[in-house]
Amino acid sequence: MTVLSCSGLRRRFGDVLAVDDVSFTIGEGETYGLLGPNGAGKTTTISMITGVLERDAGEVVVAGVPMSTRTVAAKRLVGYVPQELALYPDLTGRENLRFFASLHGAARSRVEHVLGVVGLADRADDLAREYSGGMKRRLNVAIGLLHEPKLLVLDEPTAGVDPQSRNQIIENVRTLAAGGMAVLYTTHYMEEAERLCDRVGVIDSGRLVAEGTRRELVERLGERDRISLQLEGDLARAAAVAGAVPSVHGVSAHGHGLELVVDDAREALPAVLSAISTGGAVVRAAEFDEPNLETVFLHLTGKALRE
Amino acid sequence: MKVLTIAWNNVHRALRDRTGLFFLVALPLLLVFVVGAAFGGAGTPVVGVAGDAGVLRDDPAVRVRAFADEPSLRAAVEHGEVGAGLLRTGTGAPLLLVRSDQAGQQVRLLVTSALTREANRLSAAGFVAAHAGTDQATALSAVDSTRVEPVEVRTSTTGTALFPENFSGFDLGAANQLLVFTFLNSLTTAAALVEARTLGVTRRMLATPTPAWAVVAGEALGRVAIALLQGLIVLAGSALLFGVRWGDPVGAGALLCAFALVSGAAGLVLGAACRTQQQITGLGILLGLGLAAFGGCMVPLEFFSPTLRTAAFATPHGWANDGFDVLTRQGGDLFSIAPNLAVLLGFAVVLFGLGAWWLRRAMTR
Ligand SMILES: Nc1ncnc2c1ncn2[C@@H]1O[C@H](COP(=O)(O)OP(=O)(O)OP(=O)(O)O)[C@@H](O)[C@H]1O
Ligand SMILES: [Mg+2]
């Protein structure tokens with residue numbers, strides 16, 4: 001089932017066309033990563049999707065309910081975690097959550113629940129101002145979870161936090177997605193997108209320039225996985241048998257090793273290894289090289305994701 | 001419901017801010033006290049005396065300060081250290097040194113009436129001693145023990161007196177401080193609105209199923225509630241601590257509410273219009289003090305030129321000040337300040353309209 005569908009989103013700020021004809025959909029339980037360099041238009045897109053920013057053109061529908069800045073029905077279905085720390089620093093964690101819980105119409109018991117989920121229960125009565133950066137981020141995320149949304153929208157939820165808080169946030173999102181929540185996620189961290197996202201969209205200068213799973217994107221660029229092997233034994237024979245494995249597209253030999261070009265390194269490896277050992281050679285070491293989103297990103301935008 | 005939640009959140013945060021509370025509560029009351037003390041309130045006139053103070057020593061209306069000789073007494077009078085100086089050395093008639101200002105004339109009256117009373121007492125005793133053949137001391141005590149029913153005199157002011165009888169300096173300061181601080185604090189605490197937008201919490205509120213009008217109304221109500229709370233504290237605090245009279249309580253309450261509405265609405269406009277907290281603080285102090293000065297909170301309206309007086313009534317402060325004048329000096333009631341209330345409500349409606357429109361725009365643009 002489609003939880004979010006947006007089409008033809010457009011928004012201009014003065015001379016800057018911040019978002020230009022952006023369309024994508026997210027299904028139930030799916031995590032969609034929106035990747036792009038600084039100023040690409042991620043936050044602007046997200047603001048229109050969550051109905052906090054007027055759009056110049058386009059449609060947003062959440063679980064069949066149209067979204068706009070003037071409706072409230074669709075907003076019941078969306079949890080929003082903004083890029084900035086949208087908290088009252090002079091209120092405690094619990095007070096922040098209670099305030100937003102009452103705006104969401106969520107039960108008081110949800111406050112205690114989400115405090116537990118993000119691991120802030122023992123610091124709930126401290127002022128948010130006194131939290132560490134990572135704790136503030138976790139509170140920021142917690143507010144988006146109060147009303148058990150169908151669609152969770154997170155705008156760089158892990159920006160500038162320690163690895164521990166980052167892991168906690170990522171694990172939280174994973175668990176929620178596994179429970180059927182649709183997630184829209186932006187980040188500057190490639191590893192995060194690769195770990196978390198089922199599909200990614202690459203946005204640059206306001207336009208969605210590519211979309212798909214990591215593998216689809218990599219293939220579209222003509223990049224392939226590679227396997228490097230260190231061998232003992234008859235190198236030529238090993239190259240011949242390995243080249244005969246169906247998913248292997250090319251073999252080259254150098255020194256004591258072979259380099260194979262394959263569709264999917266992890267899938268191909270067992271077949272390759274058994275073919276080589278049948279051929280009489282011994283594998284000393286094996287190494288994958290999977291072109292990652294970073295490569296894709298550089299290719300598509302000419303920019304590194306983090307500047 | 002959500003409107004109240006948002007409004008309460010504003011009040012809650014304002015109450016939690018310790019420095020804010022100082023400006024909100026302690027400072028206005030302190031100024032009521034300082035201004036009140038400076039303009040009278042605690043003032044018993046002081047009379048400097050060189051020689052025998054005599055009956056003045058026991059007079060509750062004046063305080064006596066002793067001086068060694070004429071030059072030091074004269075200097076003290078000239079420098080205003082004492083209200084007047086009584087020279088009673090040698091054998092000649094007592095000499096009273098006064099300045100020509102109002103305070104000097106007031107002390108002159110007090111001293112001469114005290115001395116006249118004493119002269120009357122002595123002459124009555126002389127009369128008794130001569131006719132009853134007793135000595136002077138017995139005659140004096142006989143005079144003192146005679147109770148004379150005082151001749152009843154009622155005083156009333158005619159014409160338009162600036163200050164009615166019993167109008168203390170505290171009363172004078174309190175109304176002005178109330179207006180200055182209610183408005184000023186309302187403008188500067190509107191920084192919270194800008195903070196909420198820069199932090200992103202305003203957007204976050206809009207992302208919840210809360211209509212934009214409810215967010216705007218909640219913030220506006222919060223502004224008004226803070227202004228009203230502060231006004232009430234100054235009103236009640238000054239009445240309880242310094243005995244300030246505010247006149248008809250219903251009238252004073254209504255005037256305070258109307259002025260709090262204007263203040264809250266002005267805060268809303270400023271909070272919507274400004275982009276940074278520095279802008280708010282700067283503009284807030286400028287407008288808060290400027291309008292207060294034009295509205296007669298620094299210098300009484302009576303001292304304004306006709307042109308300035310007209311300008312004063314272009315400010316909410318002018319109308320509120322005039323309203324409190326009517327209540328405290330002319331014994332007015334709710335009915336007599338109805339025009340003031342109407343104008344203030346007009347100010348509030350216009351400012352609320354502007355602020356709501358502006359804030360709504362600033363939130364989703
Ligand atoms: N309120 C605004 N007024 C004017 N220009 C804006 C506004 N918001 C965004 N922009 C511009 O729109 C473009 C897209 O900004 P946006 O915040 O969506 O980028 P982003 O992809 O979220 O970047 P980042 O990764 O740095 O968060 C930028 O050029 C930005 O300067
Ligand atoms: Mg952004």
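If you're wondering where the values come from, they're calculated on a predicted model, not measured in any experiment. Proteins come first, then strands; the chains are lettered A, B, ... in the order of their sequence lines, and each starts at number 1.
- Between chain A and the residues B:Leu199, B:Leu206, B:Thr202, the most heavy-atom pairs under 4.5 angstrom are made by B:Leu199.
- Contact annotation for A:Ile49: neither backbone nor side-chain heavy atoms come within less than 4.5 Å of a heavy atom of chain B.
- The most heavy-atom pairs under 4.5 Å with chain B, out of A:Leu103, A:Leu53, A:Asn96, A:Leu146, come from A:Leu103.
- Contacts between B:Ala212 and chain A at a heavy-atom distance below 4.5 Å are absent for every atom of the residue.
- Neither the backbone nor the side chain of A:Gln83 comes within contact range of chain B; no heavy atom of the residue lies under 4.5 Å from a heavy atom of that chain.
- Heavy atoms closer than 4.5 Å to chain A are found in the backbone of B:Met363, but not in its side chain.
- A:Lys42 places a side-chain N or O within 3.5 Å of a backbone atom of A:Gly36 that can act as its donor or acceptor partner.
- Under the ring-ring contact (aromatic ring centres under 6.0 Å, His included) rule, B:His317 has a single partner from B:Phe294, B:Phe259, B:Phe347, which is B:Phe259.
- The candidate with the highest count of non-hydrogen atom pairs below 4.5 Å against chain B, out of A:Leu91, A:Thr69, A:Thr50, is A:Leu91.
- Proximity of a side-chain donor or acceptor of A:Ser47 to a complementary backbone N or O of A:Val52 within less than 3.5 Å is not detected.
- The most heavy-atom pairs under 4.5 Å with chain B, out of A:Met67, A:His104, A:His147, A:Arg76, come from A:His104.
- Within residues 131-145 of chain A, the residues having any heavy atom under 4.5 Å from a heavy atom of chain B are, by residue number, A:Asn140, A:Ile143, A:Gly144.
- Neither the backbone nor the side chain of B:Arg197 has a heavy atom closer than 4.5 Å to any heavy atom of chain A.
- Residues of residues 4-14 of chain A lying within less than 4.5 angstrom of chain B, judged on heavy atoms, are A:Arg11 in numerical order.
- For A:Arg70, the CZ atom counts as loosely surrounded, since its 6.0 Å shell holds 12 or fewer non-hydrogen atoms of other residues, nucleotides or ligands.
- Within residues 111-125 of chain A, no residue has any heavy atom under 4.5 Å from a heavy atom of chain B.
- Between B:Arg203 and A:Glu84 no salt bridge is recorded (no basic side-chain N to carboxylate O distance below 4.0 Å).
- Environment of CE in B:Met1: sparse, with no more than 12 heavy atoms of neighbouring residues, nucleotides or ligands closer than 6.0 Å.
- Checking A:Ser68 against A:Arg55 by side-chain atom types alone, no donor-acceptor pair falls below 3.5 Å.
- Taking non-hydrogen atoms and a 4.5 Å limit, the residue list of residues 4-19 of chain B in contact with chain A, ordered by number, reads B:Thr5, B:Ile6, B:Asn9, B:His12, B:Arg13, B:Arg16.
- Between the B:Arg204 side chain and the A:Ala86 main chain, a donor and an acceptor come within less than 3.5 Å of each other.
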